[in-house]
Each structure stands twice: as structure tokens, then as C-alpha cells.
Amino acid sequence: MSYFSELALQFIDGEWRGGSGSWDIVDFNPYNGEKLASITVATVEEVDLAYRAAERAQPEWGATNPYARRAVFERALRIIEDRDKELTETIIAECGGTHVKAGFELHLAKEFLREAIHLALRPEGRILPSPVDGKENRLYRLPVGVVGVISPFNFPFLLSLKSVAPALALGNAVVLKPHQNTPVCGGGLVARILEEAGLPAGLLNVVVTDIAEIGDALIEHPIPKVISFTGSDKVGRHVATVAASHFKRTVLELGGNSALVVLDDADLDYAVDAAVFSRFVHQGQVCMAANRVLVDRAVEREFTEKFVAKVETLKVGDPVDPTTHIGPLINEGQAEAITQLVDQTIAEGATALVRGQTEGTLMGPTVLSGVPEGSAILGQEIFGPVVTLIPFDGDDEAVQIANDTDYGLSGAVHTADIERGVRFAQRIHTGMIHVNDSTVHDEPIVPFGGEKHSGLGRLNGESMIEDFTTTKWISIQHGRSQFPF
């Protein structure tokens, strides 16, 4: 795993360097506990150096011909395609992702780079009419300048690139802070690939650090105009509050408590496959994952039998093994917290149809039914391999249950009647919902984001132009204005 020794560093103004903090972030393999690397944290001073480097580099980059900018992302795409094996191994080692998860992440990373290639050419200006004779109104789309990006641990390579590449393609510079559990996949790898692709020094800076060291310096710093954050709603609320107090825009992609709904006319075998994938892909560490599976009572018994049977076939273990379905959670603290939540729910009266055992970071799949109304597990995001089965009587009750959450990210509904599914989907308060599919989807040109506590704004496609550019009005008076004095 040479990437860990090479990239376990800060990357500031084109230089790979150690941090100057007084402690180290240790990067562990979540499956076997192997120490992959240690990185001395960046300090407030190094955050400032990163932002100052970005500020210096951005004007020339912003003025660069967009055809030249897009060539960087064309080369980056080829680098990723050429290094599929090494990148897969790195994702498995640092994230605990299975081969399926790593393949999914790399596939989407390449798709988003392809979109960034096109995005560089997409901003357009406008000329608007004026009620004033001789006046010409021009609207320009310009880069915001510098963007701060904070990425999560679950899909770190993809979710860093997802904001970094569009921001750069549109002429901005970026300071990226990856999650401390995935500093290489979420930070170093992204920087190395774009460096090799020819991105000029200073345009992308990576600071590996923690709020315990820098506080809110990454958000409060005067240089960044936009903060793009992906993570929990609790932290997202803090990011939004601090950013707003400093007049910064935010793009927030936060947690979810998605429902996959099985109506009485659904193809049950297909719905089972979709539900199992929606809940257990990457051990359930996916913001779009189906925490809750809602099933019409008319088909509850048959669906439940088939669902439980399939869940019991899932293999838990070493993610290096291509036959493994469920690998480790990101750390033991996460596994312990979810295990305690399951224990609490069972103590409240729920039944475990499948009860996975927890050993270190490995947690077997758990299926709960009969969860009492008001149980904590129903109202929160479960970032692990645990699902609740909830029966309902008719579409109206299903809508009420699906919407009974503070979150609104994704969802799915299964039915033989497509238009019934669309009507149902329109009633669910989410940013995204899928008819006859899984809850886990992301496509480069389709707006991605949530309602309620699941976030603010949208990513992908045209939304990136709104996120990472600003509109400037320049008027021209071709004649002479008349003034009252």
C-alpha cells in the first residue's frame, strides 16, 4: 500500500509537507487494525497558508481558457482508469469497503470527472433589456474565488472529487479537509491525481486536521466564499451557523432516514433485492441507505420471509475477499454505539428477526420488527447494518410513516403501477425518491440533495454552477443618462 506512505502528508501550495501540530492523526485499517500511516495535524497557521496559496493561484486559473482547464480533468480521468487496481486496494484498506463498494465508488468518481470536463465550458452570460434608453445590461458568471470543502469518511474519494472537481473546473481554487478516518482516500489521493494531471500549484490544497486543533478556522477564515460540507446533520448545523455569521454560502449534504416502501402490488422478489442492497451496501454507511422498510400488510408475511432469508445469506468478514458482502464499520466506537441502539430497541419490545453479532468493527446484519412507536431508532440515521421493518395499511398510512422523520434525503417505492408509484413519490418529503429501484443513487447531471435536516442546496450538473459561481451585473450606457441634478 505505497499510497499511504507517499500521501500521508499535508499538501499546501504544491508542496507535500508534514503538519506542525503537537499530535498525530493515525490512519487505521478498520478491518484488522493495521496502522496505515500517521499524519501530524495541520494547525490554524497552516490552514491560513493553504487559503493564502489558493487566493494567490486562483486569479490566473480563473482567467485561463476553459478548454485548457478541462484538459486537466481529462488527464485525471485517464490516471484513475489506469490505476483501478491500486485505487481499489486503497479504498478497501482505508475505508473497509468491499470490492462492490470500491467498484461503485470508482465508477461514480469517473462519471463525475467526465461531468467536470463538460462543466468547465458551461457557464454562460446574458444580456438583459433595460427601461433606460441606451443602456446595455450584461450578466457575467464568474468563479466565487476560493471554496472550502469538508468531506466524509464513507465514500471519501468520490465525495471529495464531487465538490473539488466542479469547483476547480469552474475556475475556483479549493482547500480540502478530508475526514480524519480517511485522510488518504479523501485527501492525498485526490491531490496526487490532480497534481499529476497538471493542475497548477496552489489551486488545490489539502489540510489533514481536526476541530480539536483548529476550531472553526476552516469555516471562519475570510478567504473562502463557499463551504461545501458532506456529513452529519449535527455538524452541518454548526457549519451553516458559523458560515452564515461570516456571510458565506454553504452547500450541505447531510444525513438521511430513508424509507423503501413496498406497496401491495409490488414484485416482491425484486423489492427484496432492492431493499437488501439499499440497507446493507457498505455496511449501511450510506446517507441514502434505507433505514426503514415499509411493507403493506397484505404482503407483509411473504415479503418478510423472503427478506429475512436473503439477509441471512449475506457474508460478513474481510473486505479483501471478493465474496464478502458486509465488511467493517469505520471504527469500534461506531459499532458499539449501533449495538447499544439495537439492544435498547429490543429492550423496548422490538423483535430481532435476524440478530448480527458484533466483534470489534464487524457487525452482522440485524433485522428488527415490531419496533414500538417513539423508539429512538425510528427517528435517526443508522450508519450501520441494521434495518427496521414497519407494516402499514394502505398508501395514506405509508405516506404518513415515511414522512414522520426530520430527514428528507432519499427514498423508494415499489409497485406494479408506475403512475401510482409516481403519485406516491410526489407525496414524500424528500429531495430524491425512486420508483421500483433502490434508495441509493447518484448521477452526475441530476440535482442531488435533501429537504428538512438532510441539507441545503443541491450538487451535480447545473446546480454546481449555482454553487460555485457568482453573478455579476455590468451595465453600459451607450448614450448619455439624464440626471435630476
Side-chain angles (χ1 to χ4, degrees), residues 3 6-7 11 13-14 16 53-54 57-88 90-91 102-124 141-147 149 151 155-176 178 184-206 228 442-448 459-469:
Y3 279 132
E6 293 174 14
L7 304 181
F11 185 64
D13 204 9
W16 295 93
Q58 189 277 324
E60 183 177 353
W61 177 247
T64 299
N65 189 307
Y67 283 88
R69 290 204 300 265
R70 77 173 187 174
V72 171
F73 304 99
E74 291 171 340
R75 291 190 291 270
L77 177 60
R78 290 195 292 271
I79 291 169
I80 293 175
E81 290 173 335
D82 290 343
R83 299 185 187 171
D84 182 82
K85 182 175 184 295
E86 296 96 321
L87 293 173
T88 297
T90 304
I91 289 171
F104 182 70
E105 183 165 6
L106 288 173
H107 167 72
L108 280 179
K110 289 182 280 190
E111 288 298 308
F112 278 95
L113 272 177
R114 291 186 179 99
E115 174 62 11
I117 291 167
H118 297 294
L119 202 62
L121 308 181
R122 206 170 294 166
E124 296 176 347
R141 274 283 179 188
L142 303 174
V144 295
V146 177
V147 176
V149 176
S151 65
F155 285 79
F157 185 65
L158 167 65
L159 296 178
S160 290
L161 267 177
K162 190 175 177 181
S163 286
V164 167
L168 290 169
L170 291 165
N172 301 288
V174 175
V175 173
L176 166 65
V184 171
C185 288
L189 267 182
V190 175
R192 172 56 58 83
I193 288 168
L194 288 171
E195 179 189 37
E196 291 185 19
L199 185 71
L203 289 171
L204 174 60
N205 304 271
V206 176
S228 178
D442 196 358
E443 297 183 12
I445 66 171
V446 182
F448 182 102
L459 291 174
N460 303 358
E462 295 294 326
S463 300
M464 295 297 200
I465 299 175
E466 293 293 329
D467 293 337
F468 300 134
T469 67

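We number each residue from 1, following the sequence as shown. Just so you know, these numbers use all the heavy atoms, side chains as well, and skip hydrogens, waters and symmetry mates.
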#### Entry: Taking every non-hydrogen atom, the tightest pair across G186 and S151
O-OG, 4.0 Å
#### Entry: Closest non-hydrogen atom pair, I80 against K110
CG2-CG, 3.7 Å
### Query
Got a second to check how far F104's CZ is from D442's CG, nearest 0.5 Å?
7.0 Å
### Query
Is a donor on one side and an acceptor on the other found under 3.5 Å between the side chain of N172 and the backbone of A167?
yes
### Message
Using 0.5 Å steps for rounding, measure from the CG atom of L170 to the CG atom of L121.
### Response
10.0 Å
### Task
Working to the nearest 0.5 Å, report the span between CG of L119 and CD1 of I445.
11.5 Å
### Query
So do N460 and E115 actually touch side chain to side chain, heavy atoms under 4.5 Å?
no
### Summary
All heavy atoms of V175 vs all of A54, minimum pair found to be CG2-CB, 4.3 Å
### Query
Taking the six-membered ring of F155, is NZ or CZ of K162 closer than 6.0 Å to its centre and within 45° of its axis?
no
### Query
Can you find a side-chain donor-acceptor pair between R141 and T469 that sits under 3.5 Å?
yes
### Message
Does S163 form a side-chain contact (heavy atoms from CB on, under 4.5 Å) with F468? I'd like the steps, not just the answer.
### Response
CA-CA 9 Å; S163 286; F468 300 134; 4.3 Å; yes
### Query
For W16 and G188, which heavy atoms make the closest approach, and how far apart are they?
CH2-O, 3.5 Å
### Task
Check whether more than 12 heavy atoms from other residues, nucleotides or ligands sit under 6.0 Å from atom CD of E60, and answer yes or no.
no
### Message
Is the shortest side-chain heavy-atom distance between F112 and L459 below 4.5 Å?
### Response
no
### Query
Does E74 CD have over 12 foreign heavy atoms under 6.0 Å away?
yes
### Query
Quick one: CD on E111 to CG on L161, what's the gap to the nearest 0.5 Å?
13.0 Å
### Message
For M464 versus P166, what's the shortest heavy-atom pair and its separation?
### Response
CE-CG, 3.7 Å
#### Entry: Reported CG-to-CD1 distance for the pair L106 and I91, which is rounded to 0.5 angstrom
4.0 Å
### Message
Which heavy atom of R70 sits nearest to which heavy atom of A120, and what is that distance?
### Response
CB-CB, 3.9 Å
## Note on the structure
The reported gap from CG in L189 to OG1 in T90 (rounded to nearest 0.5 angstrom) is 5.5 Å
### Query
Passes side-chain contact (heavy atoms from CB on, under 4.5 Å), L194 versus F73? Steps please.
CA-CA 8 Å; L194 288 171; F73 304 99; 4.1 Å; yes
### Query
Any donor-acceptor pair under 3.5 Å linking the side chain of N205 with the backbone of G202?
yes
### Message
Can you confirm whether Q58 sits close enough to P143 that some side-chain heavy atom of one is under 4.5 Å from a side-chain heavy atom of the other?
### Response
yes
#### Entry: Validation row: P178, P156 side chains within 4.5 angstrom (heavy atoms)
no
### Query
Between V174 and L168, is any pair of side-chain heavy atoms under 4.5 Å apart?
yes
### Query
Any ion pair linking E195 and R192 (charged N to carboxylate O, less than 4.0 Å)?
yes
### Query
Are R122 and E462 close enough for a salt bridge, meaning some N to O gap below 4.0 Å?
yes
### Message
Between I193 and F157, is the side-chain contact (heavy atoms from CB on, under 4.5 Å) condition met? List the steps.
### Response
CA-CA 11 Å; I193 288 168; F157 185 65; 3.7 Å; yes
### Task
Starting from the C-alpha separation in whole Å, work towards a yes-or-no answer on side-chain contact (heavy atoms from CB on, under 4.5 Å) for F11 and L176.
CA-CA 10 Å; F11 185 64; L176 166 65; over 6 Å; no
